[in-house]
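Presented below is the structure to which this report refers.
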2 protein chains.
Amino acid sequence: MAGNLDALFKPKSVAVVGASRKPGKIGYTILRNIVEYGFKGKIYPINPKATEILGLKAYPSVKAVPDDIDMAVIAIPASKVLDVAKECGEKGVKVLVVITSGFAEVGNVEAEKKLVEIAHEHGMRVIGPNIFGVAYAPAKLNATFGPKELSEGSIAFITQSGALGIALMGWTVMEKIGLSALVSIGNMADLDVAEISEYLADDENTRVITIYLEGLKPGTGQRFMEIMKRVAVKKPIIVIKAGRGKRGAVAAASHTGALAGMDQVYTAAFKQTGILRARTVEEMFDWARAFADQPIPRGEKTIIITNGGGVGVLATDAAEEYGVPLVTPSEELKQKFRETMPWFGSPRNPVDLTGQAVVDNYVKALNIAFDHPDIDNIIVLYCRTAILEPIDLAKAIVELVRERGEQSKPLLVGMVGGRDVYEAMQYLNEHKIPAYPSPERAVSSLAAMLRYMRYRNRIIC
Amino acid sequence: MAGNLDALFKPKSVAVVGASRKPGKIGYTILRNIVEYGFKGKIYPINPKATEILGLKAYPSVKAVPDDIDMAVIAIPASKVLDVAKECGEKGVKVLVVITSGFAEVGNVEAEKKLVEIAHEHGMRVIGPNIFGVAYAPAKLNATFGPKELSEGSIAFITQSGALGIALMGWTVMEKIGLSALVSIGNMADLDVAEISEYLADDENTRVITIYLEGLKPGTGQRFMEIMKRVAVKKPIIVIKAGRGKRGAVAAASHTGALAGMDQVYTAAFKQTGILRARTVEEMFDWARAFADQPIPRGEKTIIITNGGGVGVLATDAAEEYGVPLVTPSEELKQKFRETMPWFGSPRNPVDLTGQAVVDNYVKALNIAFDHPDIDNIIVLYCRTAILEPIDLAKAIVELVRERGEQSKPLLVGMVGGRDVYEAMQYLNEHKIPAYPSPERAVSSLAAMLRYMRYRNRIIC
C-alpha cells in the first residue's frame, strides 16, 4: 500500500470534509490554506449545508463529487468520522487525513481501531487522527489549519505534537528555515513516523528529515529500527525525543497517549539506526539547516576563519566539546593564510584575520580554504566591526560560492552583532549558506554533519 | 584607591586624548559616542591640531584644560601613551581608559608595566590597555568606539574580548537585553575583573554581573577568589570562561596574552566562589535577563503553565535535566487549576490549559500560582494558536504583574511561534518579564536562579 503515500504528498484532488464558510473554524482555515497557498489540483469542499465556499462549488458528500478524490481531509466531529470514512472508501479515496480529535488520546480506542479497519478494507491509508494536517511545499499543498504560508526548502518535519508543529510553522518562516514537507502524525493509528520517513527518504525534494517524537506505539519499536536504518543511509534523520526524564515521560503519555518508555532504549535505538538526537528544537533545526543547504563532509579536517579572537576561542572550545577536529595548518598553508591578513593576525587555526578584516581578506582566505586539500570543512566567523558591513560580507560569500560552482566542502557561518548582522544572516540563509547567531551553533551543526558522515561511512564501507 | 573607581563610572569630566575630526577614526567615534549618547558632564577633546571637534572646544593637551579632569580616554599611538599618562598624572586625572593597543598583547610588556607605574605614582587607576572602552548607562556615559546606543538596564557586562564586546552591544539592543555597565578590560594591566566586579557589587544600578573571561593574570587567582566570594553574596555573577579545552586555551593565550590555564582549576574556583558558569554567550544573557528583572527565588517548587502539551513535555524534560523541581499539585490545588481550563485540560504539572486557552485562562491560572503557598516559581509557556494573539497574552501578563504589586515569585515565559510571537516576547522583555523563544531556555534560566539561591542560602545561613 506504500504507493498510496503519493496521495498524501502529491494528490491530484483533495476533498475537505467539514469545509466551513465561517472564518475561525478549522474547516474554513484548512480549505482557505489549500486554496490560497496555491494548490494546483482539484479542491472539493464537502458541506451538506453549502453550495459554494471560498468560490468553490461545495458538495453534500464525497460521493456527490463527480471526479476521483485522492485525499480526503476530515474535520468533522469524531462521532461522524467512521461513516464518512466508509463513504470515502466506497468513493475510492486513497488517503484520509483525519484532523478530528477525540479518539485514542481521550480513551476512545475502539473507534480509532475501527477507523483503520474501515480504511484498510477499502485500501485507504490514514494519517492521524488528532492532527493539524499535512503540507508539501513542492506540490503547493498546505492542508493544515496552521498559518497559510510555508517557508519552502528541503527539510521535512514530522511532528507528534500538533500545537508545537503549528507554532513552528510561523517560526520557520521568520527564521528562514525551508521546509519540504510538514506532517502532523498525531495518534499514528495507521501511518507512523517510520513509514512517513521511508517515503520521504526517496522524496527528491527532501534532503533531511526532522522529527519531534514523544513515543512510539507499543510493539512498533523493532519495525521502527529496521525502517529507520534504511532511511538513515539515504538521508540524515534528526530527532528530538521529548519525554526523556521520568516526569517528562508521564507528561508525554498524558499528552499523546503514546508509550514514552525508557529513555535509554531510545538512546540505544537512535545510535544503532544512525539517528542524530537533538536536545532542543532550535538545535534540531540548526543542524537541519546545514544538511539542507550544504554537502555532506568528505573528511574531518576543519578550519575556522574569523575576524575576532574571542569568537575564535569560543568556536575552538565548541569544536573540542562537540568533536570537530581542527586542522593544524602546515607551514605552507600558514604562509598562504598569512598573505590574507595584517602582520598581527594569526595564520593558525582559528585563522584570525583581525578586526581590520574587510571583504577582500575573507574572500582570499575562503578561496585558500576551498582549494587546499588539507581542509575538508570551513567555518567562517564574523564579529560586527565598524569597517566591514555584515551585508557586504554576506553578499561576498554568496557570490564566491556561486562563482566557484559546485561546492564540495561544507561552509557554515557564525555571526555576532545587532540588527544589521541579523539581516546579513537572513541573506545568507536565503542563499543557502547556513548562518547562525553564535560561533557555537555553527560548530554544533558541523559536528552533527560529521557524526552523520562517520555513521554512513561505517555502514556503507 | 578604590574610591577612584567612581571616576570610571561616574566621572564629572572626561577628556578624550586623540579626539579626531575624521569620521571612521577611533578618536572620532569615542568622542561622538560620549557627546551623542548624552553624557551630562564636561567633555574635553584633546588634539593639538584642532580648535574644535563636534562643536566642542579642543585643547592641545590635558594640561591646557582649565578645569579638573576625572577620566582621560586615551586613543593615541602606543609610543606616545607613556608621556600622556605622565601629563594626566600631573594634571590630577583619576582614571586612564587606555584604548591603545600594542602593549603586553604583542610582547611590549615593559611599556605596559611602566604605564601602571606612572599611573600609580600619581594616584591614577588604569583600565586597559587594548580595550574598546567603558560605558555606564545611568550616567549616560558611552566612552567606547562601539555603537552609539546602549540597551539600558541592570546587567553589567565585563569583557576580555573587545571585538566580542562591541558586537554584543548591537546584539543586546536587538534582543532588548538591558545593560547598566559595559567594561572592556583588555590586558588588565591594573584594574582587573575582580576589582571591577567588586565595585559593581555595590552599584545600585546593577543587579547581575556577567563576564566574558579568557584567563586571569598569573598570580591573581587567590585574590580573584577572595573578592568574587564577597561579590557573589551580594549579586549573582555569571561567567563564560573561554579557552576551556586544550586547543581553546592556546587560542585564548595567543589572543589576550592571559594565562588561560587548566580548565579544572577554573571550574573549582567558580564553584567555591558561587560563580554561575554559562556555556555560551546566549546562555549567559538568558540567565542574566532573569536575574535582572525577577526576584531571587525563595524556594524550589516550580509550576509550569502551558497551552501546548508538546512544549510542556519539553519544559518538563529540561526541568529534570537542569535541576528544577516541579511541584506535584495537591488535590486542592488541582481543583483550583481545573477551574481555569476545559475538561480535557490537565491540572497536573505542567498545567495544560490546552490549545483553546485564551487570556482569561492564563490570568486565572497565573493568579492561582502567585497566590498559592505551594508554589515558589512560575514558568508560563505559549505555543502560537489561532485563538490567542501572542501580544494579547503578553499585555495581560504585564498588566497582571503590575496590578499585583510587588512580585515575590519569579515568573519566566517561554514562547514558540513566528514574527508576532517574537514581538510579544520583545514586549514582555521591555516590561521586565523575561521571555525566551523556547521552553528550555526559560527553564535553564530558572535553574540558574535556583543554583544561585542555593549557594547564597548555604553561605548566609
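By convention in this document, chain letters (A, B, ...) are assigned in the order of the sequence lines, proteins followed by strands, and residues within each chain are numbered from 1. Both backbone and side-chain heavy atoms feed into the values below; hydrogens, waters and symmetry mates do not.
- A donor-acceptor contact shorter than 3.5 Å links the side chain of Asp317(A) to the backbone of Arg244(B).
- In terms of modelled atom types and a separation under 3.5 Å, the side chain of Tyr212(B) and the main chain of Gly310(A) share a donor-acceptor contact.
- Between chain A and the residues Glu282(B), Glu175(B), Arg384(B), Met174(B), the most heavy-atom pairs under 4.5 angstrom are made by Met174(B).
- Contact annotation for Glu321(A): only side-chain heavy atoms (C-beta onward) come within less than 4.5 Å of a heavy atom of chain B.
- Partners of Thr306(B) according to the side chain to side chain donor-acceptor pair (under 3.5 Å) rule, which considers only residues two or more places apart in sequence or in another chain, do not exist here.
- With a 4.5 Å cut-off on non-hydrogen atoms, Thr328(B) touches chain A through its backbone and its side chain both.
- If you measure heavy-atom distances from Leu326(A) to chain B, the contacts under 4.5 Å come from both the backbone and the side chain.
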### Task
Evaluate the side-chain contact (heavy atoms from CB on, under 4.5 Å) criterion for residues Val416(A) and Val281(B): first the C-alpha distance (whole Å), next the side-chain angles of each, then the deciding distance (0.1 Å), finally the verdict.
CA-CA 10 Å; Val416(A) 181; Val281(B) 169; over 6 Å; no

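- Heavy atoms of other residues, nucleotides or ligands lying less than 6.0 angstrom from NZ of Lys25(B) number 12 at most.
- Ranked by heavy-atom pairs under 4.5 Å with chain A, the list Gly170(B), Gly355(B), Pro437(B) is led by Gly170(B).
- For Val173(A), no part sits under 4.5 Å from any heavy atom of chain B, backbone or side chain.
- A distance of 13.5 Å separates CZ of Phe132(A) from OG1 of Thr385(B), quoted to the nearest 0.5 Å.
- We find the CG-OG1 distance between Leu314(B) and Thr280(A) to be 9.0 Å, quoted to the nearest 0.5 Å.
- In this structure, Gln356(A) has no side chain to side chain donor-acceptor pair (under 3.5 Å) partners at least two apart in sequence or on a different chain.
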### Message
Under the criterion salt bridge (Lys or Arg N to Asp or Glu O under 4.0 Å), I'd like the reasoning laid out for Glu440(B) against Arg279(A): C-alpha separation, chi angles, the key distance, then a yes or no.
### Response
CA-CA 9 Å; Glu440(B) 295 94 343; Arg279(A) 298 304 272 184; over 6 Å; no

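- Within the 4.5 angstrom heavy-atom criterion, no atom of Ser438(A) approaches chain B.
- When each of Ala163(A), Gly417(A), Cys383(A) is checked for heavy-atom pairs under 4.5 Å with chain B, Gly417(A) comes out on top.
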